[in-house]
K.L.:
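Quick one: this structure, given as structure tokens, is what I'll be asking you about.
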Amino acid sequence: MDNSGKEKEAIQLVAEADKKVKSSGSFLGGMFGGNHKLEEACEMYARAANMFKMAKNWTAAGSAFCQSARLHMQLQNKHDSATSFVDAGNAFKKADPQEAINCLNAAIDIYTDMGRFTIAAKHHITIAEVYEAELVDIEKAIAHYEQAADYYKGEESNSSANKCLLKVASYSAQLEQYQKAIEIYEQVGTNTMDNPLLKYSAKEYFFKASLCHFIVDELNAKLAVEKYEEMFPAFSDSRECKLLKKLLEAHEEQNAEAFTEAVKEFDSISRLDQWLTTMLLRIKKTIQGDEGDLK
Amino acid sequence: MDAPVHSWSCSYYVNSAKRWVSGRLTLTASAVRFSPSSGGEVGAVLLLPLSRVTHINTESSCFIFSAVTLQERDTLKHWFSSLKPSAGAVFHVLQHFWRETLAQHTHSTHTPLSRGQRLISMVSDTQHTLAHTGRALSQQGEQFQHMIHQLDKMESDLGVADKKCQSELSKADNKAPPPEGSARTSKEILSVPVVFYRGGDVNAADVNTGSLALLVSALELHDANSRLVYRFHKQEVDEIRVHGVCDISVRQRHIGKPDVCFRLLSAKMAEALCVLEVQYKKKVEFARDYSGFQDMSSDDITPGSMASCNAEFPAGDLPPVQLHVQQNAVSQEEAQELKQVLEQTPIIRGNLVLGPCKEQWRRTEKILRNVSNEECVSRQMKVRAEGQSSGSELRVRAQGQSSGSEQRVGTQSQSAGHELGLNSSRKTQERKTQHVFNQSIAQGETGDLTAETRGRTSQSRQKSKSVNTLTGYRSGGKAAICYTEAGHEMMVEQQTAGDCSESRRSAWSGGVILCVRMTADCFTVRTASL
């Protein structure tokens with residue numbers, strides 16, 4: 001479908017809206033219904049933005065929404081302003097991720113100001129995802145996930161908070177910040193093991209925490225596994241725990257083959273995901289460190 | 001050198017020269033090689049063994065579009081861009097081979113999964129799904145809670161707005177001359193004589209007699225001379241607190257003013273309460289000191305009263321309380337059954353919600369059915385075992401050691417769990433998992449009754465004598481296997497013979513029940529035609 005007509009119309013609307021904003025700013029305009037004109041301009045920007053969206057001109061749509069948001073702010077319509085910023089962010093996400101982040105940050109400021117922390121946390125997650133997928137800036141993504149987790153915790157949304165924290169832990173481990181990852185996995189694991197719905201996941205968190213321990217130090221891992229078994233008896237029966245014990249044994253004997261065999265056996269039954277693979281590879285490297293270097 | 005697996009045209013960022021070089025990326029089973037396309041720079045060939053790679057990622061930035069990066073152990077990062085056909089495709093292939101390095105360098109040949117392993121995989125998959133389901137449910141629950149919280153907030157906001165509107169309206173009404181007899185235009189439902197205290201304090205000195213009139217749109221309080229003391233409009237009543245059968249208080253809250261509250265006592269309050277409850281549904285609150293509850297509870301709970309109740313019955317007659325207790329007595333078997341059913345409950349709950357667990361749900365249902373049949377089947381078994389004459393008999397010697405480490409570990413921990421009492425929920429969960437585990441073993445191995453399995457089972461029994469109940473269940477609805485402690489019996493109920501090997505089909509055809517009698521080192525399989 002040809003949407004160029006829509007785009008033209010949208011450009012026209014934006015021009016008209018700009019004119020209205022200017023006239024409301026003038027002395028005479030200010031005297032005769034300045035606010036009314038601004039409201040009209042707001043609406044026109046929003047309409048224009050939607051038309052740009054239809055024409056898939058994301059940048060233009062984003063900036064029109066942004067204009068609308070700023071006018072709403074001027075009119076003290078905080079909620080509308082925040083919504084427009086979010087719309088702008090969503091539009092920019094497809095064209096200019098950095099600008100999307102700026103818009104979402106503006107929306108977050110408004111929402112936190114209004115005490116709407118849950119929604120602010122949600123947008124922090126969106127920003128983190130943009131950093132994760134588009135900009136590949138994992139450290140910033142972690143910071144936003146942490147902020148989101150804090151907000152969720154404040155609002156007693158522990159499930160959502162845990163979800164964010166787990167992301168933080170997984171990325172921290174990838175960035176070799178193992179202590180942070182261990183703390184989070186232990187904390188989440190302890191929180192979930194008594195919950196009837198979440199207890200099935202607890203072993204996974206303890207497993208991951210143990211692996212992080214393992215990369216740092218084998219003895220720590222051994223102690224950690226014992227601790228987790230004591231805390232959560234079901235962990236000792238899990239396949240993950242059995243794998244850990246086999247790996248610890250293999251590591252103690254510096255037997256790369258036994259290590260590989262154990263991993264292989266586990267992998268044949270339930271596939272290892274990318275994170276686990278990375279961690280296990282890192283552990284394996286500590287066994288055959290010398291051999292690898294000689295290659 | 002390994003044979004190349006795949007190659008792509010790409011460009012590589014040379015760190016030392018700070019520039020991109022175009023060339024070809026070649027992947028072999030154990031390494032990644034980059035060779036520049038221009039012949040002059042042959043020396044710049046990169047050979048990176050996959051075993052040195054610690055991380056593979058797709059990255060992009062404002063300057064570099066969709067690159068694949070290989071992180072080497074010593075924090076050296078290799079960037080490959082302009083990949084053809086796409087960075088994603090190359091990434092997936094590279095990642096696959098890199099992943100495989102984890103499981104490389106073993107001499108063991110690749111063997112297909114055994115039936116038991118496949119079943120364990122299935123069960124672990126279902127467990128995984130269950131965990132996901134749990135998380136999703138928990139989050140949804142939380143979201144619902146927030147919704148409720150927000151709705152409450154909205155409701156209270158609306159309440160305040162409503163009140164403000166009302167006060168504005170009443171101001172406007174006050175300006176107009178009071179309409180005479182307008183109150184009486186509302187239909188009276190009921191009028192009861194009352195004693196009322198102003199301010200709601202039942203110990204106050206200010207006590208008056210009068211009557212309470214319940215109208216369709218209001219509550220009116222009249223004094224002894226039928227003069228109106230106060231009129232609560234229906235919307236204005238904020239709370240009707242019921243302190244006792246004859247004792248209520250009516251409260252109207254005001255913002256910035258003291259509340260208007262009357263405590264009303266009336267012998268006929270019960271009649272009025274019926275109407276009030278219907279009229280003011282949510283506003284009627286039963287106070288904690290509501291005497292109606294107190295009376296009931298005091299009689300029921302005191303143990304002394306029960307004793308006296310029993311004593312009233314003449315000797316010989318069974319008191320109803322005792323009869324009740326006897327009916328409720330739970331036999332050992334029933335308790336066992338109940339325990340098993342309870343063990344399965346979390347699985348059922350997880351399954352009811354999400355479709356992907358349908359398979360497990362179906363199987364759980366089967367197990368439950370088998371468990372409920374257990375009692376009668378075992379009775380039949382005993383009879384058959386004693387008077388066995390028409391069936392054929394097959395005696396098998398258990399053979400030596402076996403490789404069933406999973407089974408061994410499983411049974412041991414089950415017995416350990418048994419010794420601990422298994423009361424806490426944690427234990428229940430543990431046992432549940434264990435149960436599923438054992439189930440899968442039984443499922444996988446007993447279907448064919450191979451020599452190895454038999455050996456394994458007998459060995460596990462020798463190791464842990466306290467095996468209580470292991471319920472095995474074969475997928476596809478073919479058979480159920482139960483091990484019971486009592487007579488060291490293993491029962492196999494064969495419903496159809498579709499899945500068993502040819503040699504046994506003849507013996508099992510026609511819905512035959514097999515009875516497996518177990519001694520220390522051998523077990524007897526008996527077939528009996530129905």
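Throughout, a chain's letter reflects where its sequence line sits, starting with A, and its residues are numbered from 1.
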K.L.:
Take A/Lys122 and A/Tyr152, measure what side chain to side chain contact (heavy atoms under 4.5 Å, CB included) needs, and give me the verdict at the end.
P.N.:
CA-CA 9 Å; A/Lys122 204 182 129 217; A/Tyr152 274 131; 4.1 Å; yes
K.L.:
Between A/Tyr151 and A/His124, what is the ring plane arrangement, given parallel below 30°, perpendicular above 60°, and tilted in between?
P.N.:
tilted
K.L.:
Measuring heavy-atom distances to chain B, does A/Glu204 have an atom under 4.5 Å in its side chain, in its backbone, in both, or in neither?
P.N.:
side chain
K.L.:
Given that the side chain runs from C-beta out, which part of B/Glu142 has a heavy atom under 4.5 Å from chain A: side chain, backbone, both or neither?
P.N.:
side chain
K.L.:
Tell me, out of A/Asn162, A/Asn158, A/Thr118, who's got the most heavy-atom pairs with chain B below 4.5 Å.
P.N.:
A/Asn158
K.L.:
Hey, can you tell me if A/Tyr111 and A/His79 have their rings parallel, tilted or perpendicular (30° and 60° cut-offs)?
P.N.:
perpendicular
K.L.:
Would you call the rings of A/Tyr185 and A/Tyr205 parallel, tilted or perpendicular if under 30° counts as parallel and over 60° as perpendicular?
P.N.:
parallel
